[in-house]
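Per chain, numbering begins at 1; letters A, B, ... match sequence-line order.
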There are 2 protein chains.
Amino acid sequence: MSSTLQTLDRGLLALKIVSEHNEGISIAKLAEELEVHRAIAYRIVATLESHALLTRTQGGTLRLGAGITLLASRFEPQLHAVALPLLKTLAKATRATAFISLSQGEECMVTLVAEPEEGMLRVGYRVGSRHPLTQGAAGIAILAGRAPKEEDSPEVRQARADGYSLTRGQLQRGAVGVASHIPTTRSGIGMEACVGVVAMDDLDSERAIREVKTCAKQLAELIGQ
Amino acid sequence: MSSTLQTLDRGLLALKIVSEHNEGISIAKLAEELEVHRAIAYRIVATLESHALLTRTQGGTLRLGAGITLLASRFEPQLHAVALPLLKTLAKATRATAFISLSQGEECMVTLVAEPEEGMLRVGYRVGSRHPLTQGAAGIAILAGRAPKEEDSPEVRQARADGYSLTRGQLQRGAVGVASHIPTTRSGIGMEACVGVVAMDDLDSERAIREVKTCAKQLAELIGQ
DNA sequence: TATTTTGTTTCTATAATAGATAATGACTGT
DNA sequence: ACAGTCATTATCTATTATAGAAACAAAATA
């Protein structure tokens, strides 16, 4: 049983609480939510502040600090470093272009791509391209990863049940996409990501589905619990 | 003198160290860098891991976890997505390194950077670097965005009157910085931002000033609601 | 003016942590 | 199969870092 550190744990909890209060939160209230003495909350805040993870506005309310963006900017490269080998394997196994997309608001954005080395024609999928979540295998896979909602389309429900989504020609005529949600955090809504492949109509979809699902599982283990 | 908590401080330092190692880092090495006993490092890691801020790959190396993106998504979500294209345009137009800085207590911190594609030499400006608000174009621009005060330096008054600040060699010999405050409705709740460029002495400052001011206005419209 | 709230400091008991040590298992190379 | 690493976790105790109380000034509020 790996033990954790109380002080660090409380500090991180404080960070989380502040992040959940969009309008900001006072130290007094933070202390209350943490169930610690006010003096302790001050010390926690001072420490987080010194790392720029928290900042106090003139009103004295707490908000997330700019240091968060620094960490965030370093997260994506690390994700890529881990994911690229897997993506290459996926591309090779399916002979299709493999990708990882992240949700960004009501869109999803391609952040990493691996193209197959062989094959006459390959489907290019540009890093940085975006689509609405409701369109294309990637977006549907991400929606399927969310908690069920009334307004979910049949495709999304299907994808949720199957653990993958397959679309034909939604983004491009003659293109097939297969994607699967990457489950990341056990509690709460962390990052939303999916992995998939795109190819011409000739894709061996049976195999692609299998490979994509396997890859999603592997990625889930690598990225977070 | 507000005191900080050692355990929390170490934990955050650990997070920072991991973020700096793109290839991942082992617990043993982390312990070394933290200058603590390995057993302690294990406890720190366990705690950070329980908050999904850190994860361990099968090799045992440490990387940032998906929890980071959750925090980041709660930190001024609009700002970065919206700002990057504008920043790239600014970098191209001025042939200088464009940046956005946020205030963080009595310092300001660079959160987003776009470097020009052409040009032999470029000035690097690292995301995450911090300076006192009183130093450098960015800090002065932020101070100029605040309500006038008695203790404002002449530079700040000047910048407030002009709508921009220009400094030479304050942060680095031979470097010129131009920055302009981004007025937002959210400034009331603590977010203070500025946009600017840094370059070698050869900057076309006339043009840079114009472009930076325009960019600040555009950003204000996009961000401020 | 009285009263509450906020921000900070000082103090001390004690609980939490540091750090050593050791046991365990997985892997490595011989 | 063997000794020798290394990673990981568990156990233990001295001591330190922290918790929490208390006190207090300053600001805000009534």
Side-chain angles (χ1 to χ4, degrees), chain A residues 1-18 21 23-63 65 82 221-222 224-225, chain B residues 1-18 21 23-63 65 103-107 146-147 149-151 188-190:
Chain A
M1 180 116 176
S2 62
S3 56
T4 56
L5 301 173
Q6 186 191 58
T7 309
L8 179 53
D9 192 66
R10 278 184 177 166
L12 299 176
L13 188 54
L15 198 58
K16 191 181 163 209
I17 289 171
V18 171
H21 288 258
E23 352 64 54
I25 182 174
S26 70
I27 295 196
K29 236 185 177 176
L30 176 66
E32 201 179 302
E33 289 213 33
L34 283 173
E35 294 177 359
V36 299
H37 195 273
R38 234 176 54 243
I40 303 169
Y42 275 96
R43 294 191 273 252
I44 290 173
V45 166
T47 311
L48 289 168
E49 214 181 349
S50 77
H51 287 258
L53 296 174
L54 226 64
T55 170
R56 296 169 72 173
T57 66
Q58 47 274 61
T61 58
L62 301 167
R63 340 192 88 245
V82 176
E221 277 172 31
L222 284 172
Q225 300 147 333
Chain B
M1 180 113 179
S2 60
S3 55
T4 56
L5 301 174
Q6 187 191 58
T7 308
L8 179 52
D9 192 66
R10 279 184 177 166
L12 299 176
L13 187 54
L15 198 56
K16 192 182 161 209
I17 289 172
V18 171
H21 287 259
E23 350 64 53
I25 184 173
S26 71
I27 295 195
K29 239 188 173 172
L30 176 66
E32 203 180 297
E33 289 214 33
L34 282 174
E35 295 178 358
V36 299
H37 197 273
R38 265 206 345 275
I40 302 168
Y42 275 96
R43 294 192 273 251
I44 291 174
V45 166
T47 312
L48 288 168
E49 216 181 347
S50 77
H51 287 258
L53 296 174
L54 226 64
T55 95
R56 300 167 69 170
T57 65
Q58 60 272 67
T61 59
L62 301 167
R63 292 173 185 279
S103 71
Q104 177 77 36
E106 286 313 297
E107 296 182 311
R146 293 186 177 171
K149 279 181 195 165
E150 281 297 321
E151 66 266 30
I189 57 173

Query raised in the report: Looking at the side chain of A:Gln6, which of C:dA16, D:dA7, D:dT11 is the nearest nucleotide?
Result: C:dA16
Query raised in the report: Hey, are the side chains of B:Ile27 and B:Arg56 touching, using non-hydrogen atoms and a 4.5 Å cut-off?
Result: yes
Query raised in the report: Below 3.5 Å, does any donor atom in the side chain of A:Arg38 face an acceptor in the base of D:dG20, or the other way round?
Result: no
Report task. Grab the CD1-P distance between B:Ile40 and C:dA18 for me, whole Å please. Result -> 5 Å
Query - Between P of C:dA18 and CG of B:Leu5, the distance in whole Å - result: 12 Å
Query raised in the report: Any side-chain heavy atom of B:Leu12 within less than 4.5 Å of one from A:Leu12?
Result: yes
**Report entry** Distance in angstrom units between A:Leu34 CG and D:dG20 C1', rounded
**Finding:** 15 Å
Report summary line: Walking DNA chain C from its 5' end, the first of A:Arg43 and B:Arg43 to be reached, judged by nearest nucleotide, is A:Arg43
Query raised in the report: Is there a side-chain contact between A:Glu49 and B:Thr4 (heavy atoms, below 4.5 Å)?
Result: no
Query raised in the report: Hey, are the side chains of A:Glu33 and A:Ile25 touching, using non-hydrogen atoms and a 4.5 Å cut-off?
Result: yes
Query raised in the report: D:dT8 phosphate, OP1 or OP2: any side-chain N/O from B:Arg56 under 4.0 angstrom?
Result: yes
Query raised in the report: When the distance from CD1 of B:Ile44 to C1' of D:dT9 is rounded to whole Å, what number comes out?
Result: 16 Å
Query raised in the report: Is the phosphate of D:dT18, meaning OP1 or OP2, less than 4.0 Å from a side-chain N or O of B:Thr7?
Result: yes
Query - Student check: side-chain heavy atoms of A:Ile44 and A:Leu34 closer than 4.5 Å - result: yes
Query raised in the report: Does D:dA21 have OP1 or OP2 sitting under 4.0 Å from an N or O in the side chain of A:His37?
Result: yes
Report task. Measure from CG on B:Leu8 to P on C:dT17 and round the result to the nearest Å. Result -> 11 Å
Report task. Measure the spacing between CG of B:Leu30 and CZ of B:Arg38 and express it to the nearest 0.5 Å. Result -> 12.0 Å
Requested in this report: May I ask you to evaluate whether A:Arg10 reaches the phosphate of D:dA19, defined as a side-chain N or O under 4.0 Å from OP1 or OP2?
Outcome: yes
Report task. Say whether, by atom type as modelled, one donor and one acceptor occur between the side chain of B:His51 and the main chain of B:Leu53 under 3.5 angstrom. Result -> no
**Report entry** Selection: residues 24-32 of chain B, any non-hydrogen atom under 4.0 Å of DNA chain C
**Finding:** none
Query raised in the report: Does a side-chain N or O from A:Tyr42 land closer than 4.0 Å to OP1 or OP2 of C:dG7, or not?
Result: yes
